[in-house]
Amino acid sequence: MSILEELEWRGLYADCTDSATLTQRIAAGPITLYCGFDPSADSLHVGNLVPLLALRRFQLHGHIPIVLAGGATGMIGDPSGKSAERNLQTPEQVAHNIASQKKQLAGFLDFETNLNPARLFNNADWTAPVSYLEFLRDVGKYFSVNVMLAKDSVRTRLEGDSGISYTEFSYQLLQAFDFCHLRSKFDCELQIGATDQWGNITAGCDLIRKKLGATAWALVFPLLTKADGTKYGKTASGAVWLDPKKTSPYRFYQFFVQADDADVVRLLKFLTFLTREEIAALEQEVQTHPGARAAQKSLARELTTLVHGADALHGALKASEILFGGALDGITEEIFQDVVGEVPTRDLDPGKLAGAGTPIIDLVVHAGLAPSKGQARKDLEAGGIYLNNVRLSDLSRTATTNDLLFGKYLLLRKGKRTYTVLSARG
RNA sequence: GGUGGGUUAGCGAAGUGGCCAAACGCGAUUGACUGUAAAUCAAUUGGUCUCCGACCUUCGAUGGUUCGAAUCCAUCACCCACCA
């Protein structure tokens, strides 16, 4: 199966500038391709996985992937998919974000192989030295404003209330310049991205044709959305990050375990390297034994291993067992330590537990599980507060030294799965 | 610039002198059921406390009338509509 056929069955093929010639080109031998990543945060999130893994899929098929960090484009801001003008990031922010993302980007591709090593560039390297006058003459001259205005990303903004600044309007030129540069210096013939990048990518293809008289292809895949049409990768508490400091491996694992039945097969195709047969088997499972959620668990296992490694997966599985398993009877301190690492932790003055102890309600507020004592009381009355995984019902209940696990921890829980560990050491 | 209408809790929206911490809907939180699901049902949804009750702070802002104001009056700010 060729890379294009594989993308097709995975549902990753949305559009291509010329699939017939691209098919021929790919059959003829390894192709160099790239995808850019926007440094709008200091970590990648699950939404970035689709393009990143697509690069990896190409590499596995023998092609040469280039990861492009948007050190230049990140200074401007891509208007695609945005309904309003963005605030500019400071150069320090962009530099910081690039540095953090670079490490993550590097983890998904093989830079060491002799055959088709991946490469990583920062577009600031070739964009920053170009003067404004040079840019207008060498790049701007090839663009028709009429065409630029017709791009979706620009048109929706012009039709909306907020308009678009000259800065963001110019964004497509910068991205086109990148593609053109990579085409001439590194023989990069293909750019991939999500469908919202179509306009920016084809701008590059046009520039390459006009300026270099060469061919280049655009290949885009669908945006990762849920069955209800909303954007995938967000939870109530924000994006799901790849950085373990921002989203713990446990939460990362749980995010995928909780995938909807209607989404899980598509997610397996988009985000894992499982084979067609393996995914078909899991799809069968979803239909015959939905309650077992084998597909969700496979998805979560695959991705946690891929992003965080086997050890982190082990910890996340153990923590899940405890946090969803119920009673804490007989657990060892070693296993509990996994939980401590995966759940928010707050310090607690050990003196507060001495003698009569501290009311549970105060601890719930201290742990950040309730915004006020009144709310904490209501949660407790409704049976939604657990100490060490035992439901509490007594309003006047206090926590004392006797409740400490291993002499230093209190495991406080609200509802089914919101936990905080109170650490009373020292 | 003129005339009229509006600004109420996370959002939408009732309330036009006391029974208003403010109907109702959505959202959110908790519980039951369940598959760590969906749907459904129930409770809660300004704060404090000695919590079946009491108190404190809220209805754009400030000041006033009144025993009593989200509600009446004045000024200011912002939004909308129509007219120029």
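Computation of the quantities below employed the complete heavy-atom set of this structure, encompassing side-chain atoms and omitting hydrogens, waters and symmetry-equivalent molecules. Lettering of chains follows the sequences in order, A, B, ..., and the numbering in each one begins at 1. Bear in mind that the values here come from a model prediction, so they are computed numbers and not experimental data.
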Colleague: I'd like to check the salt bridge (charged side-chain N to carboxylate O under 4.0 Å, His left out) partners of A/D347; sequence neighbours left out, ordered by chain and number.
Modeller: none

Colleague: Can you list the residues that meet the salt bridge (charged side-chain N to carboxylate O under 4.0 Å, His left out) rule with A/R119, with sequence neighbours excluded?
Modeller: none

Colleague: A/R397: which residues meet the salt bridge (charged side-chain N to carboxylate O under 4.0 Å, His left out) condition with it, sequence neighbours left out?
Modeller: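 Scan of A/R397 (salt bridge (charged side-chain N to carboxylate O under 4.0 Å, His left out), adjacent residues dropped) gives A/D403.
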
Colleague: Report the residues that fulfil side-chain hydrogen bond (donor to acceptor under 3.5 Å, both in side chains) with A/T288, sequence neighbours left out, ordered by chain and then residue number.
Modeller: none

Colleague: Sequence neighbours left out, what passes side-chain contact (heavy atoms from CB on, under 4.5 Å) with A/I331? Give chain and number order.
Modeller: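 If we apply the side-chain contact (heavy atoms from CB on, under 4.5 Å) test to A/I331, skipping adjacent residues, the hits are A/L328, A/F336, A/F406.
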
Colleague: Using the test salt bridge (charged side-chain N to carboxylate O under 4.0 Å, His left out), find all partners of A/K408 that sit at least two apart in sequence or belong to another chain.
Modeller: A/E333

Colleague: Identify all pairs in which a protein N or O lies below 3.5 Å from an N or O of nucleotides 25-27 of chain B, and state each distance.
Modeller:
none

Colleague: Enumerate the ring-ring contact (aromatic ring centres under 6.0 Å, His included) contacts for residues 96-118 of chain A, please, sequence neighbours excluded, ordered by first and then second residue.
Modeller: none

Colleague: I need the full list of ring-ring contact (aromatic ring centres under 6.0 Å, His included) pairs touching residues 366-396 of chain A, with sequence neighbours left out, sorted by first then second residue.
Modeller: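 ring-ring contact (aromatic ring centres under 6.0 Å, His included) check on residues 366-396 of chain A returns no pairs.
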
Colleague: Which pairs, protein N/O on one side and nucleotides 52-54 of chain B N/O on the other, fall under 3.5 Å?
Modeller:
none

Colleague: Hey, can you pull the donor-acceptor pairs under 3.5 Å for the side chains in residues 3-12 of chain A, sequence neighbours left out?
Modeller:
residue : atom : partner : partner atom : Å
A/E5    : OE1  : A/S2    : N            : 2.9
A/E6    : OE1  : A/H61   : NE2          : 2.7
A/E6    : OE2  : A/R10   : NE           : 2.8
A/E6    : OE2  : A/R10   : NH2          : 3.4
A/R10   : NH1  : A/K269  : O            : 2.8
A/R10   : NH1  : A/T272  : O            : 3.0
A/R10   : NH2  : A/L274  : O            : 2.9

Colleague: I'd like to compare against my own output: the B/S/- annotation of nucleotides 36-45 of chain B with a strict under-4.0 Å heavy-atom distance to protein.
Modeller: BS------SS

